[in-house]
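The sequence lines fix the lettering, A, B, ..., with proteins before strands; numbering per chain opens at 1.
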Amino acid sequence: MATKRSSQGGATDNGQPAKKKGFWALGLLDSMKDPALQHFTDDKIVVIKDKYPKARHHFLVCPRLKINNLKALKPEHLPLLNHMHEVGKRIIKESIGEEELKYQLGYHAIPSMSHLHLHAISRDFDSPCLKNKKHWNSFTTDYFVDSMELIAELEENGCVDTSGRNGEELLKQPLRCHVCKSQFANMPKLKGHIVKHIKK
DNA sequence: GTTCTAGAAC
DNA sequence: GTTCTAGAAC
């Protein structure tokens, strides 16, 4: 067999160009529909486990309503955002259980995946899937938009404006421990360090 | 979002 | 020599 990379997402391999540009960016919509990945659902939202968790506990809270990004948010979405926040908080707490891990709830300023999704993630960041600077800075710099702050901004201004943040810049920031702010030259050194902050 | 890998960094 | 990052392809 001429084994190229096995095509994902049901694309055929015989020159059938089922591959649109950025097809992967819609993967979240497929994951939402897959009962095997659904951790919790109600009439407003679907909660799935992140396919590549960046910490010991990592969930995505997705509204059933189609909302493309933070820019599309309007005051009418506030009840939904509050609901996502509350359910996300409950689920991450339940998942963490007895462990003494903190957590954070929020959105990426410029997400890679289409469709709005709230990250509910424990703050150990102890995961083999957390591999590079972009991963790290997307959760530990202002690239990560805190859910409560986002809700407050929408309440005050009637919209969410992330144009003040330079996403590219934030992702290139030096690697710093999120607990003690120590700086590290590379990912292995950072990862070796952060586990020391986890109470066992 | 991930995987792969060239070449920079060590 | 090996480790690690970062950019292209997917």
Side-chain angles (χ1 to χ4, degrees), chain A residues 1-34 36-39 45-64 66-72 84 88 92 104-122 124-145 147 150 162 165-178 182-195:
Chain A
M1 263 195 280
T3 45
K4 283 208 167 183
R5 196 175 306 168
S6 64
S7 51
Q8 287 196 349
T12 55
D13 207 63
N14 356 324
Q16 201 81 352
K19 40 183 173 183
K20 294 172 189 167
K21 282 180 190 172
F23 177 74
W24 53 262
L26 300 171
L28 189 56
L29 289 166
D30 289 331
S31 299
M32 282 172 65
K33 287 179 209 153
D34 186 347
L37 300 177
Q38 293 173 347
H39 180 83
I45 61 174
V46 176
V47 181
I48 59 175
K49 272 194 165 183
D50 194 293
K51 204 170 172 184
Y52 299 90
K54 305 301 185 296
R56 292 180 184 176
H57 310 270
H58 188 182
F59 298 90
L60 302 178
V61 183
C62 314
R64 293 187 187 275
K66 184 183 177 239
I67 302 174
N68 279 333
N69 49 47
L70 300 183
K71 231 178 172 176
M84 290 167 66
I92 191 69
Q104 59 190 53
L105 299 166
Y107 301 82
H108 283 157
I110 305 159
S112 299
M113 308 283 277
S114 295
H115 202 86
L116 190 72
H117 51 284
L118 169 69
H119 291 270
I121 184 169
S122 57
D124 51 272
F125 300 119
D126 175 28
S127 164
C129 297
L130 199 158
K131 294 179 177 175
N132 57 46
K133 181 179 267 191
K134 182 174 175 174
H135 290 156
W136 181 255
N137 283 338
S138 74
F139 287 101
T140 60
T141 69
D142 283 341
Y143 194 90
F144 191 84
V145 184
S147 172
L150 176 126
T162 53
R165 323 179 184 228
N166 186 336
E168 298 274 313
E169 194 84 354
L170 288 167
L171 293 178
K172 288 178 183 171
Q173 295 283 101
L175 298 169
R176 279 186 188 283
C177 171
H178 61 306
S182 304
Q183 193 170 317
F184 294 89
N186 57 42
M187 285 301 292
K189 284 174 184 166
L190 172 69
K191 295 197 72 166
H193 166 83
I194 57 175
V195 293

Rounded to the nearest angstrom, tell me the gap between atom [atom1] in [X] and atom [atom2] in [N].
X: A:K51; N: B:dG1; atom1: NZ; atom2: P; result: 13 Å
X: A:L175; N: C:dC4; atom1: CG; atom2: P; result: 12 Å
X: A:K134; N: B:dG1; atom1: NZ; atom2: C1'; result: 8 Å
X: A:W136; N: C:dC4; atom1: CH2; atom2: P; result: 17 Å
X: A:N132; N: B:dC4; atom1: CG; atom2: C1'; result: 13 Å
X: A:N137; N: C:dT5; atom1: CG; atom2: P; result: 12 Å
X: A:D50; N: B:dG1; atom1: CG; atom2: P; result: 8 Å
X: A:K191; N: C:dT5; atom1: NZ; atom2: P; result: 11 Å

Taking only the side-chain nitrogens and oxygens of [X], find out if one of them lies under 4.0 Å from OP1 or OP2 of [N].
X: A:H108; N: B:dG1; answer: yes
X: A:K54; N: B:dT2; answer: yes
X: A:K131; N: C:dC4; answer: no

Roughly how far, to the nearest 0.5 Å, is the NZ atom of A:K133 from the CG atom of A:L190? 10.5 Å
Measuring from A:L60:CG to A:I121:CD1, what's the distance to the nearest 0.5 Å? 9.0 Å
Sidechain-backbone polar pair: A:H119 side chain, A:H108 backbone, donor-acceptor under 3.5 Å: no
Ring geometry between A:F139 and A:F125 (parallel below 30°, tilted from 30 to 60°, perpendicular above 60°): tilted
Determine if A:W24 stacks with B:dG1; use a centre-to-centre distance below 5.5 Å and an interplanar angle below 30° as the criteria. yes
A:N68: side-chain contact (heavy atoms from CB on, under 4.5 Å) partners, not counting sequence neighbours: A:K66
Of the nucleotides C:dA6, C:dC4, B:dG1, which one has an atom closest to the side chain of A:K133? C:dA6
When all nucleic acid strands are considered with a 4.0 Å heavy-atom cut-off, which category describes A:H135: base, sugar-phosphate, or nothing? sugar-phosphate
